Asker: 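The structure's right below; bear with me while I get my questions together.
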Amino acid sequence: MLLDRDGTLIEDVPYNGDPEKVRPVPGARAALDRLRAAGLRLAVVTNQSGLARGLFTGAQMRAVHARVERLLGPFDAWLVCPHDDGDGCGCRKPAPGLVHAAARELGTVPARCVLVGDIGRDMIAASAAGASGILVPTPVTRPQEVAAAPQVAPDLPAAVAEILRRQAAVDPATYRQAGTGTDTARRGGRRRAGTVLVVRADSAGDVLVTGPAIRAVAAHAERVVLLCGPRGRAAAELLPGVDEIVEHRLPWIDPAPDPVDPADMRQLADRLAAVHADEAVVFTSFHQSPLPLALLLRLAGVGRVSAISDDYPGSLLDVRHRVPAGVPEPERALSLAAAAGFALADHDGPALRLRPAQAPPPEVGASGYVVLHPGSAAQARGCPPELAARVARALTAAGHRVVVTGGADEQELTARVAGGVAVDLGGRTGLAGLAATVAGAGAVVVGNTGPAHLAAAHGVPVVSLFAPTVPFGQWGPWRVPTVRLGDAEAACRDTRAARCPVPGHPCLSNVDPEEVVDALRLLGVTPSARSGPPTGSPSAGGPTLATIGGSGG
């Protein structure tokens, strides 16, 4: 758990070097004690440019920190950037250096950290390191910062409550204590299952983000059969833990459905019965219903069915789970798996993963190139073609090698974007080949579409050209270093539109290609090759993070 100092833990007194001016925000001590009681380690990550400007000394700052700890309790680490904006360091937020350094001090990685802060710089630093971020706005927080934040809480106690709720939601013990789950789970034994049918029936990206939950089921099942639609079949073949695949188009899920055909539904029921599943876990998005399929599963003789449902399910569901709006899709699915009694194996962790990648096409050359994927099955979530072409030229001018990717129906688009300055792979790879291409990249520049999740599965940094038609915190790249670009306040916000409802696609078309170049720099991606995570260390000659941040205790 990482916390900004001024405006988040204590009232913001500009350039404060006086311990007597320290005033905790309301409810801070009780909220922090809840985190400590839950076993979470705490670090403070704070910009203190007053040191560089000579407005207070290191000793004065340490006295302030000692006062903070007397009022709010001990912290496991203090990480301080002592530089000003013009110093060009890698630790001053929005750079991710402090987050990387704090994770090391706490013995973890950024993907297992949450940063709570009060301004956009905090959220950018968290995302660029691959950590989660929760914004607690104050009167000085700008509206556009609130709109762009992955998650917003009204204050620090509310942010802490949400963190603890999300932590509990993916732990099967939570549901055993509540009296739900299997008899074996309630008795405290290890959950075991025979054949489990898991379902995710929409697009490739949806199937990919369900991967961690499917692995949780697979950790306890003898056999896992995945029911998916034709749009998700290629992604299903990439997921670890899947033993068999059943492909069938579901008319209540498909975005362009044919009329319901009774014969087709009877055929589906027969196919489901042939699986001989002992139970089923039906994964859906927040706007979809699992109940039509639950009825067919009952007709097919499946004895136990688990799903997320706000609608009353009658006897269709044995485990009826609910999830608040805005939870990241992989966590949403993991929480359903937990409610059904399935947890990730001890050696596994909450991250997107794929089966081992094949070799990328030889024409992409050595690893470290930038993948630019302009298209999307939903036009509103792709990058406008003219912007993508300018981005390709800007990246090439900055020294990056650019590979443009797209499906067979996007070859005209990829040729236009590549424009003779980039490698054009349009129509030349299936999803497995695209995954291999992404695996060798230094970064991926992409809209809200499947390749963003391929990048997350391979740990490849993402520059996310994210149209706000759906919430970024729910659908953005998960647990991978990311910089979000685009207008989060655009008129298309939360419309879920598949085609842009505003002429000119302004949420993305106004992005300056140089912002993409700058985003790669913030992510530590150089033109030559993929770099490692930023160290977060100050420039030569400055005080180290560990020594200047300490409070003496």
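Quantities reported herein were computed from a predicted structural model and do not represent experimental measurements.
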Asker: What distance do Asn448 atom CG and Ser464 atom OG have between them, rounded to the nearest 0.5 Å?
Answerer: 6.5 Å
Asker: Kindly give the heavy-atom pair with the smallest separation between His453 and Trp475, and that separation in Å.
Answerer: CE1-O, 3.5 Å
Asker: Please tell me whether Gln411 and Arg416 have a donor and an acceptor in their side chains that are separated by less than 3.5 angstrom.
Answerer: no
Asker: Run Asp487 and Val511 through side-chain contact (heavy atoms from CB on, under 4.5 Å) and show every step you take.
Answerer: CA-CA 8 Å; Asp487 181 5; Val511 171; over 6 Å; no
Asker: What residues, two or more places apart in sequence or in another chain, satisfy side chain to side chain donor-acceptor pair (under 3.5 Å) together with Thr210?
Answerer: Arg200
Asker: For Asp348, enumerate each residue passing the side-chain contact (heavy atoms from CB on, under 4.5 Å) test, keeping only those at least two apart in sequence or located in another chain.
Answerer: Arg215, Leu344, Ala345, Arg353
Asker: How long is the straight-line distance from CD1 of Ile245 back to CG of Leu226, given to the nearest 0.5 Å?
Answerer: 6.0 Å
Asker: Taking all non-hydrogen atoms of both residues, which atom of Ala436 and which atom of Tyr369 are closest, and how far apart?
Answerer: O-OH, 4.3 Å
Asker: Can you tell if the side chain of Leu272 reaches within under 4.5 Å of the side chain of Val302, non-hydrogen atoms only?
Answerer: no
Asker: Can you check whether Ala343's main-chain N or O pairs, donor with acceptor, with His220's side chain at less than 3.5 Å?
Answerer: yes
Asker: How far apart are the C-alpha atoms of Thr405 and His373, what are their side-chain angles, what is the distance that settles it, and do they pass the side chain to side chain donor-acceptor pair (under 3.5 Å) test?
Answerer: CA-CA 5 Å; Thr405 57; His373 190 90; 2.7 Å; yes
Asker: Write down the atom of Ile253, the atom of Ala201, and the distance for their closest heavy-atom approach.
Answerer: CG2-O, 3.6 Å
Asker: Taking atom types as modelled, find out whether Ser335 and His321 have a side-chain donor-acceptor pair closer than 3.5 angstrom.
Answerer: yes
Asker: Any Lys/Arg nitrogen of Arg121 or Glu145 sitting under 4.0 Å from an Asp/Glu carboxylate oxygen of the other?
Answerer: no
Asker: Which heavy-atom pair separates Ser289 from Trp252 by the least distance, and what is that distance?
Answerer: O-CD1, 3.9 Å
Asker: Counting distance only, does the side-chain N/O of Gln379 pair as donor-acceptor with the main-chain N or O of Cys500 below 3.5 Å?
Answerer: yes
Asker: Any non-hydrogen side-chain atom of Leu520 less than 4.5 Å from a side-chain atom of Val370?
Answerer: yes
Asker: Does the side chain of Val404 come within less than 4.5 Å of Pro374's, by heavy atoms?
Answerer: yes
Asker: Give a yes or no on whether the backbone of Pro230 and the side-chain of Arg249 come within a donor-acceptor separation of less than 3.5 Å.
Answerer: no
Asker: Do Ile308 and Arg322 pass the side-chain contact (heavy atoms from CB on, under 4.5 Å) test, and can you show the C-alpha distance, the side-chain angles, and the key distance before you say yes or no?
Answerer: CA-CA 5 Å; Ile308 297 172; Arg322 290 186 175 92; 5.7 Å; no
Asker: Apply the test salt bridge (Lys or Arg N to Asp or Glu O under 4.0 Å) to residues Glu237 and Arg233: give CA-CA distance (whole Å), side-chain angles for both, the deciding distance (0.1 Å), then the verdict.
Answerer: CA-CA 6 Å; Glu237 293 173 349; Arg233 174 64 186 256; 3.1 Å; yes
Asker: Does Cys81 offer a backbone N or O that forms a donor-acceptor pair with the side chain of Lys93 under 3.5 Å?
Answerer: no
Asker: Test side-chain contact (heavy atoms from CB on, under 4.5 Å) on Val282 and Leu336 and set out the steps.
Answerer: CA-CA 9 Å; Val282 182; Leu336 173 58; 5.8 Å; no
Asker: Establish, from distance only, whether the side-chain atoms of Asp202 and Gln288 form a donor-acceptor pair under 3.5 Å.
Answerer: yes
Asker: Just wondering, more than 12 heavy atoms not from Glu412 lying within 6.0 Å of its CD?
Answerer: no
Asker: Output the distance between atom CG (Asp512) and atom CG (Leu485), rounded to the nearest 0.5 Å.
Answerer: 10.0 Å
Asker: Under the side-chain contact (heavy atoms from CB on, under 4.5 Å) rule, what do Leu372 and Val391 come out as? Steps first, then yes or no, please.
Answerer: CA-CA 9 Å; Leu372 174 58; Val391 167; 4.3 Å; yes
Asker: Donor-acceptor check, side chain of Gln474 to backbone of Pro471, threshold 3.5 angstrom: yes or no?
Answerer: no
Asker: Would you call Arg393 and Pro513 a side-chain contact if the rule is heavy atoms closer than 4.5 Å?
Answerer: no
Asker: Just checking Arg499: does its CZ atom have more than 12 heavy atoms from other residues, nucleotides or ligands closer to it than 6.0 angstrom?
Answerer: no
Asker: Heavy atoms, side chains only, cut-off 4.5 Å: are Val281 and Val196 in contact?
Answerer: yes
Asker: Quick check for you: to the nearest 0.5 Å, what is the distance between Leu238 atom CG and Leu352 atom CG?
Answerer: 12.0 Å
Asker: Do Ser376 and Arg381 have side-chain N/O donor and acceptor atoms under 3.5 Å apart?
Answerer: no
Asker: So, does Asp206 use its side chain to make a donor-acceptor pair with the main chain of Ser203 at under 3.5 Å?
Answerer: yes
Asker: Check Val444 against Ala441 and note the closest heavy-atom contact, atom names and distance.
Answerer: CG2-CB, 4.4 Å
Asker: Please check if the side chain of Asp264 supplies one atom and the backbone of Asp261 the other of a donor-acceptor pair under 3.5 Å.
Answerer: no
Asker: Is the side chain of Arg484 donor-acceptor paired with the backbone N or O of Pro150 at a distance under 3.5 Å, no angle test?
Answerer: no
Asker: Taking the side chain as every heavy atom from C-beta outward, state whether Val445 and Leu465 have any pair of such atoms under 4.5 Å apart.
Answerer: yes
Asker: Can you see which heavy atom on Val483 is nearest to which on Ala519, and at what distance?
Answerer: CG1-CB, 3.7 Å
Asker: When you measure from the side chain of Asp243 to the backbone of Val224, do you find a donor-acceptor pair of N or O atoms at a distance under 3.5 Å?
Answerer: yes
Asker: Whether the side chain of Thr495 engages the backbone of Cys492 through a donor-acceptor N/O pair (distance < 3.5 Å, no angle test) should be reported.
Answerer: yes
Asker: Please tell me if the side chains of Val152 and Ile134 come closer than 4.5 Å, counting only heavy atoms from C-beta onward.
Answerer: no
Asker: How many angstroms lie between atom CD of Glu329 and atom OG1 of Thr284, to the nearest 0.5 angstrom?
Answerer: 8.5 Å
Asker: State, yes or no, whether a side-chain contact exists between Arg92 and Asp87 at a heavy-atom distance under 4.5 Å.
Answerer: no
Asker: Hey, could you give me the OG1/CD distance between Thr429 and Gln358, rounded to the nearest 0.5 Å?
Answerer: 8.5 Å
